[in-house]
Undergrad: 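Questions regarding the structure given below will be posed in turn.
Note on naming: letters A, B, ... go to the chains in the order of the sequence lines (proteins, then strands), and numbering restarts at 1 for each one.
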2 protein chains.
Amino acid sequence: MVNSSKYIQMALVMKAMAHPSRLFILEMLKEKEHCVCELQELIHSDMSTVSKHLSVLRNAGIITSRKHNNQVFYRLLCPCVLDAFQCVIEVGKNIDKET
Amino acid sequence: MVNSSKYIQMALVMKAMAHPSRLFILEMLKEKEHCVCELQELIHSDMSTVSKHLSVLRNAGIITSRKHNNQVFYRLLCPCVLDAFQCVIEVGKNIDKET
DNA sequence: TGGCTATTTGGCATAATTGGCAAATACGCT
DNA sequence: AGCGTATTTGCCAATTATGCCAAATAGCCA
């Protein structure tokens, strides 16, 4: 039951999202696609780090990419993941306030 | 921006959910509260492992617990986290099918 | 071809997660 | 108090994640 691939796969997707920079990236991709260099200016990290975050999200099936000239543009594949954000923010407010 | 506590806190919540056993637990708690021993029968793990998973979820503000006799019952604090499940399952189907 | 920019990959050190066992704690019961 | 059940905690080894640097790759343009 618990070992069904359903939960393993869900965990892969959620683990991919479970990082501050990657959540930020998803929110940035909400409006429109962005290239790596644009995201790197917003995130204060090495470009290689940003690139790796993007490949984590892509491997999880959350985003996809297209190449235009020598830039790579990423966009949300399933915008529905953003629907969970408001709830997660609410849950976050409970942190360390419960016994 | 990316370093705002908003994303850090969201990541804490999502990281707490990002484990097959913990996702399973959340689904079990959907209908009604359960004690640790009930969950342990469903999950094939040591009871201490199950207890630790539960405390991860509780520390993230997702579930809460009450003691009744010598048992501890856990229940969902924010059932809204389950709303994300269907989307995450859909996203999971994209895994390794995108370039 | 060579130079330039954009992106990805490999390597590596550090940090965090995971799960089992044993020990400790909590609680009811006699 | 002493016993049995339920749960948590401490410890530890193995695995996985993170982020930077340097090097490699890709594509444009002169």
Side-chain angles (χ1 to χ4, degrees), chain A residues 1-3 7-26 28-29 33-60 62-75 95 98-99, chain B residues 1-3 7-26 28-29 33-60 62-75 95 98-99:
Chain A
M1 249 337 191
V2 65
N3 294 316
Y7 295 104
I8 295 171
Q9 213 160 43
M10 287 177 72
L12 286 176
V13 174
M14 303 219 65
K15 204 183 300 182
M17 289 197 280
H19 187 287
S21 298
R22 296 200 288 267
L23 288 168
F24 177 78
I25 288 171
L26 291 179
M28 286 306 102
L29 297 183
E33 64 178 13
H34 284 280
C35 65
V36 186
C37 58
E38 285 170 337
L39 294 167
Q40 197 237 323
E41 281 188 12
L42 298 169
I43 304 172
H44 190 49
S45 294
D46 197 87
M47 182 176 279
S48 71
T49 300
V50 175
S51 177
K52 278 177 187 169
H53 282 315
L54 288 163
S55 89
V56 168
L57 290 170
R58 188 176 51 197
N59 289 335
I62 304 171
I63 63 177
T64 188
S65 61
R66 73 177 176 91
K67 194 166 280 188
H68 179 251
N69 293 339
N70 57 344
Q71 291 183 308
V72 178
F73 286 87
Y74 285 87
R75 71 166 205 278
I95 293 178
E98 286 292 322
T99 37
Chain B
M1 251 333 196
V2 67
N3 293 317
Y7 295 105
I8 294 171
Q9 214 160 42
M10 288 177 73
L12 286 176
V13 174
M14 303 220 65
K15 204 183 300 182
M17 290 196 279
H19 187 287
S21 300
R22 296 199 288 266
L23 288 167
F24 177 79
I25 288 171
L26 291 179
M28 287 305 102
L29 297 184
E33 63 179 14
H34 285 279
C35 65
V36 185
C37 57
E38 286 171 336
L39 294 169
Q40 197 236 323
E41 281 188 11
L42 299 168
I43 303 173
H44 190 48
S45 294
D46 196 87
M47 181 174 281
S48 71
T49 300
V50 175
S51 176
K52 278 174 190 170
H53 282 313
L54 288 163
S55 90
V56 168
L57 290 170
R58 188 176 50 196
N59 289 337
I62 304 171
I63 65 178
T64 188
S65 62
R66 71 180 178 91
K67 194 167 281 187
H68 178 251
N69 295 336
N70 59 344
Q71 291 182 308
V72 179
F73 288 86
Y74 285 88
R75 71 166 205 277
I95 293 178
E98 285 290 322
T99 38

Undergrad: Mind checking whether A:Ile63 and A:Leu26 have side chains closer than 4.5 Å, heavy atoms only?
TA: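 Result yes, sub-4.5 Å side-chain heavy-atom pair found.
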Undergrad: Near DNA chain C, counting only heavy atoms under 4.0 Å, which residues of residues 8-18 of chain B show up?
TA: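 Contacting residues: B:Lys15.
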Undergrad: To the nearest 0.5 Å, how far apart are CD in B:Gln40 and OG in B:Ser45?
TA: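 Between B:Gln40 CD and B:Ser45 OG, I get 8.0 Å after rounding to 0.5 Å.
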Undergrad: Listed by chain and number, what are the side chain to side chain contact (heavy atoms under 4.5 Å, CB included) partners of A:Asp46, not counting sequence neighbours?
TA: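 With sequence neighbours excluded, A:Asp46 shows a side chain to side chain contact (heavy atoms under 4.5 Å, CB included) to A:Ser48, A:Thr49, given in chain and number order.
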Undergrad: Between D:dG4 atom P and B:Gln71 atom CD, what is the distance in whole Å?
TA: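 Checked: the CD to P distance equals 18 Å.
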Undergrad: Within the pair B:Tyr74 and D:dA6, is there a side-chain N or O less than 4.0 Å away from OP1 or OP2?
TA: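 B:Tyr74 to D:dA6 OP1/OP2: no side-chain N or O under 4.0 Å.
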Undergrad: Give me, pair by pair, the N or O atoms of the protein and of nucleotides 19-24 of chain D that are less than 3.5 Å apart, along with how far apart they are.
TA:
unit_1	atom_1	unit_2	atom_2	d
D:dG19	OP2	A:His19	NE2	3.2
D:dG19	OP2	A:His53	NE2	3.1
D:dC20	OP2	A:Thr49	OG1	3.4
D:dC20	N4	A:Lys52	NZ	2.6
D:dC21	N4	A:Ser48	OG	3.0

Undergrad: Without swapping roles, check the side chain of A:Gln71 against the backbone of A:His68 for a donor-acceptor pair under 3.5 Å.
TA: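 Between the backbone of A:His68 and the side chain of A:Gln71 there is no qualifying donor-acceptor contact (under 3.5 Å).
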Undergrad: Roughly, in whole Å, what's the span from CD in B:Glu33 to C1' in D:dA6?
TA: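 One finds 16 Å between C1' of D:dA6 and CD of B:Glu33, rounded.
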Undergrad: Can you tell me the distance, in whole Å, between the OH atom of A:Tyr7 and the P atom of C:dT18?
TA: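 Rounding to the nearest Å, OH of A:Tyr7 and P of C:dT18 are 18 Å apart.
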Undergrad: For residues 12-25 of chain B, tabulate all N or O donor-acceptor pairs below 3.5 Å that involve a side-chain atom, not counting sequence neighbours.
TA:
unit_1	atom_1	unit_2	atom_2	d
B:His19	ND1	B:Ser21	N	3.0
B:Arg22	NE	B:Ala16	O	2.5
B:Arg22	NH1	B:His53	ND1	3.0
B:Arg22	NH2	B:Lys15	O	3.4

Undergrad: Please report, rounded to the nearest Å, how far the C1' atom of D:dT7 is from the NE2 atom of B:His34.
TA: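 Result: 17 Å.
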Undergrad: Tabulate protein N/O versus nucleotide N/O from nucleotides 28-30 of chain C, keeping only pairs under 3.5 Å, one per line.
TA:
none

Undergrad: How many angstroms lie between atom CG of B:Leu54 and atom CG of B:Leu29, to the nearest 0.5 angstrom?
TA: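 The CG atom of B:Leu29 is 7.5 Å from CG of B:Leu54, to the nearest 0.5 Å.
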Undergrad: Calculate the interatomic distance between A:Met47 atom CE and C:dT8 atom C1'; express it in whole Å.
TA: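 In whole Å, C:dT8 C1' and A:Met47 CE are 11 Å from each other.
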Undergrad: Whole Å only: how far is the CD atom of A:Gln40 from the C1' atom of C:dT8?
TA: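 Whole-Å distance recorded here is 13 Å.
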Undergrad: Let me know the distance between CG of B:Leu54 and P of D:dT9, rounded to the nearest Å.
TA: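 About 12 Å, once rounded to whole Å.
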Undergrad: I need the CG-P distance between B:Asn59 and C:dA16, as an integer number of Å.
TA: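 Rounded to the whole Å, the gap is 16 Å.
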Undergrad: Determine whether a donor-acceptor pair (N or O, by modelled atom type, separation under 3.5 Å) exists between the side chain of A:Glu38 and the backbone of A:Cys35.
TA: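 Side chain of A:Glu38 to backbone of A:Cys35: a pair is present.
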Undergrad: Apply side chain to side chain contact (heavy atoms under 4.5 Å, CB included) to A:Glu33 and list each qualifying residue two or more places apart in sequence or on a separate chain.
TA: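 A:Arg66, A:Phe73, A:Arg75.
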Undergrad: Rounded to the nearest 0.5 Å, how far apart are CG of A:Leu42 and CE of A:Met28?
TA: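 A:Leu42 atom CG to A:Met28 atom CE measures 6.5 Å (nearest 0.5 Å).
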